[in-house]
Amino acid sequence: EVQLVQSGGGSVRAGGSLRLSCAAPGFIFDENDFGWYRQVPGKEREGISAIHRTDNSTYYADAVKGRFTISRDISKKTVYLQMNNLKPEDTADYYCAADTAFLVEPSGMRQPRPRASWGQGTQVIVSS
């Protein structure tokens, strides 16, 4: 089974920064969209950012636009989420996902298909 391995995350004060990494050594990058999702217990999983498999176009949910940046390093087979100016409402479990189907639709970012691959998740806690 091909795996995504996440790293980064942790606790930070409001206004601080964190970077999440998602290593995808077994993936063909031009065949997969990568996305970052987050979930707070008791709430639905929210898609916050995605990067297109070939043209590097990016998507950001309104809640993170202007503060978060998704990027990928194909030589390292890693996708990143740089999170700046963090807010307490960014506190959540964060997951990366890879899907051979496009993650961004005209209506916004969709949830990955059941056959998509997921990272193990990492917790981000932002204190005020």
Do you know which two heavy atoms are closest between [X] and [Y], and how far apart they sit?
X	Y	answer
L103	G35	CD1-N, 3.5 Å
Q6	Y94	NE2-O, 2.9 Å
P88	A14	CD-CB, 4.0 Å

Could you check whether [X] pairs with [Y] (Lys NZ or Arg NE/NH1/NH2 to Asp/Glu carboxylate O, under 4.0 Å)?
X	Y	answer
K65	D62	yes
R115	D99	no
R72	D33	no

Test item: T78 side-chain N/O and D73 main-chain N/O as donor-acceptor pair under 3.5 Å: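 Flag not set: sc T78 to bb D73 has no pair under 3.5 Å.
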Main-chain N/O of F29 paired to R53 side chain as donor or acceptor, under 3.5 Å: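 No; judged by distance alone, with no hydrogens or angles, the pair does not exist.
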Side-chain contact test, heavy atoms from C-beta onward, threshold under 4.5 Å: evaluate it for [X] versus [Y] and give yes or no.
X	Y	answer
T91	V40	no
V79	I70	yes
W36	C22	yes
R113	T100	yes
T58	V104	no

Within the 6.0 Å centroid threshold, strictly below: W118 and Y37: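 Ring-ring flag for W118/Y37: true, centres closer than 6.0 Å.
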T54: partners by side chain to side chain donor-acceptor pair (under 3.5 Å), with sequence neighbours left out: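 Result, side chain to side chain donor-acceptor pair (under 3.5 Å) vs T54: H52.
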Within residues 39-52 or reaching into it, pairs that qualify as salt bridge (Lys or Arg N to Asp or Glu O under 4.0 Å) - sequence neighbours excluded: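 Output for this query lists R38-E46.
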